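In what follows, a single structure is set out as structure tokens and then discussed.
The structure displayed is predicted, hence computed values, not measured ones.
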Amino acid sequence: MKTEIPGLRPTDAATLRTIPLFQRLPDRALSALVGSAQVRQVPRGTTLFVQDEKADRFFVLLEGWVKLYRLTRDGAEAVVNVVAPGETFAEAAMFASGKFPVCAEAVADARVLTLTAEGFARCLREDDQIAFAMLGSLSLRLRHLVQAIEQLQVQPTPQRVGTFLLRFCPEGPGSAMFALPFDKALIARRLGMQPETFSRALAKLRAVGVETHGGTISVADLDALRRFCRAEGDEDDDAD
């Protein structure tokens, strides 16, 4: 892919190639798609868009974390997802109601690539491979959503928390240590539980070598944690 966008780093091109929406596109099509995009530095706490705003753009998260949430009638937040680096978000809204169904807020300092709906539609008309790639991306997202719903309904709380922690660990055996990317209260809401339930689940994970020191997590044996998360544990008595 050859394109010059201010703020787009050489490593970002490799990141784009890992995204399902872009994986199957030839270099020419991908260059055309991102040619008019903009890269923004987004401080923590920045709102990227709000619920019911016109969906005239979508995003690639290059660095940081972004919270997607809906506002209930009483003003409470219902967290829908927390977007990780290397993921797209808000692309489906452009072709559904034409409005963003959620709000988006950076929960860590972030870099985002913003693509306009107009530019995306133009590329769709010129190259049908982009449309097929988007269908594949949405299918993959639906599968992830089904898996997330299954975890919320079936997986006991400690296993649910352990599965979340494994997202930040390397593949293979060994140990790991990492800082939680955002606060524990948000993680709890993302996992569909109360903060105190999340804390109790972390305490139960000590039995499989998971230790918590403030916002830092250490995992003594990654394979042991994976086995624990795959096991069909006893019904969790904690109230979510």
Side-chain angles (χ1 to χ4, degrees), residues 5 7 16 19-22 33-125 130-131 133-153 164 181-195 240:
I5 300 174
L16 292 175
I19 297 172
L21 181 59
F22 304 139
L33 182 58
V34 302
S36 59
Q38 293 183 332
V39 176
R40 294 173 55 197
Q41 295 279 353
V42 181
R44 177 181 178 181
T46 300
T47 297
L48 294 170
F49 54 81
V50 297
Q51 191 172 320
D52 293 328
E53 181 184 344
K54 181 181 178 182
D56 58 358
R57 59 200 183 281
F58 75 101
F59 306 85
V60 178
L61 185 60
L62 300 172
E63 294 177 0
W65 296 83
V66 170
K67 172 180 66 175
L68 304 181
Y69 64 97
R70 286 184 62 83
L71 291 173
T72 63
R73 289 185 178 181
D74 59 2
E77 287 186 8
V79 177
V80 176
N81 191 20
V82 180
V83 183
E87 294 181 351
T88 58
F89 59 102
E91 67 270 32
M94 297 187 303
F95 300 97
S97 65
K99 296 181 178 180
F100 292 119
V102 296
C103 304
E105 177 188 326
V107 293
D109 291 343
R111 289 173 59 244
V112 295
L113 180 73
T114 306
L115 300 101
T116 65
E118 180 182 358
F120 189 70
R122 182 174 61 252
C123 289
L124 282 175
R125 290 191 294 268
I130 297 177
M134 184 172 186
L135 287 173
S137 172
L138 296 178
S139 297
L140 182 62
R141 183 159 302 170
L142 177 60
R143 186 166 61 196
H144 288 166
L145 179 60
V146 170
Q147 291 172 346
I149 293 173
E150 181 182 11
Q151 287 181 352
L152 289 174
Q153 294 183 341
F164 174 81
F182 37 88
D183 64 72
K184 294 178 182 178
L186 177 56
I187 295 173
R189 280 187 288 164
R190 172 63 184 87
L191 296 177
M193 62 185 70
Q194 296 298 321
D240 291 358

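Sorted by first and then second residue, the salt bridge (Lys or Arg N to Asp or Glu O under 4.0 Å) pairs with a member in residues 62-73 read Arg9-Glu63, Glu63-Arg111, Lys67-Glu77, Lys67-Glu105; sequence neighbours excluded.
Considering CD1 of Ile187 and CZ of Phe164, their distance stands at 4.0 Å, rounded to 0.5 Å. For the atom pair Trp65 CH2 and Phe182 CZ, the distance stands at 5.5 Å (nearest 0.5 Å). A distance of 12.0 Å separates CG in Leu115 from CG in Asp56, rounded to the nearest 0.5 Å.
Thr47 is not listed as a side-chain neighbour of Cys103, based on a closest heavy-atom distance of 4.5 Å or more. Using a 4.5 Å heavy-atom cutoff, the side chains of Arg57 and Phe100 are in contact. You'll find the side chain of Leu48 reaches within 4.5 Å of the side chain of Phe89, heavy atoms only.
Listed here is the closest heavy atom pair of Ile19 and Gly86: CG1-O, 3.1 Å. Heavy atoms only, all atoms of each residue included: Ala55 and Ala117 are closest at O-CB, 4.4 Å. Taking both residues in full, the closest heavy atoms of Leu61 and Ala110 are given as CD1-CB, 4.0 Å, listed atom of the first, atom of the second, then distance.
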For Leu16 and Leu113, run side chain to side chain contact (heavy atoms under 4.5 Å, CB included): C-alpha distance rounded to whole Å, both residues' side-chain angles, the deciding distance at 0.1 Å, then the answer. CA-CA 10 Å; Leu16 292 175; Leu113 180 73; 4.0 Å; yes
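The ring pair (Phe, Tyr, Trp, His ring centres under 6.0 Å) check on Tyr69 picks up nothing, with sequence neighbours excluded.
Within a 6.0 Å radius of CD in Gln51, other residues, nucleotides and ligands contribute more than 12 heavy atoms.
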Exercise answer: donor-acceptor pairs, residues 37-44 side-chain atoms, under 3.5 Å, sequence neighbours excluded:
none

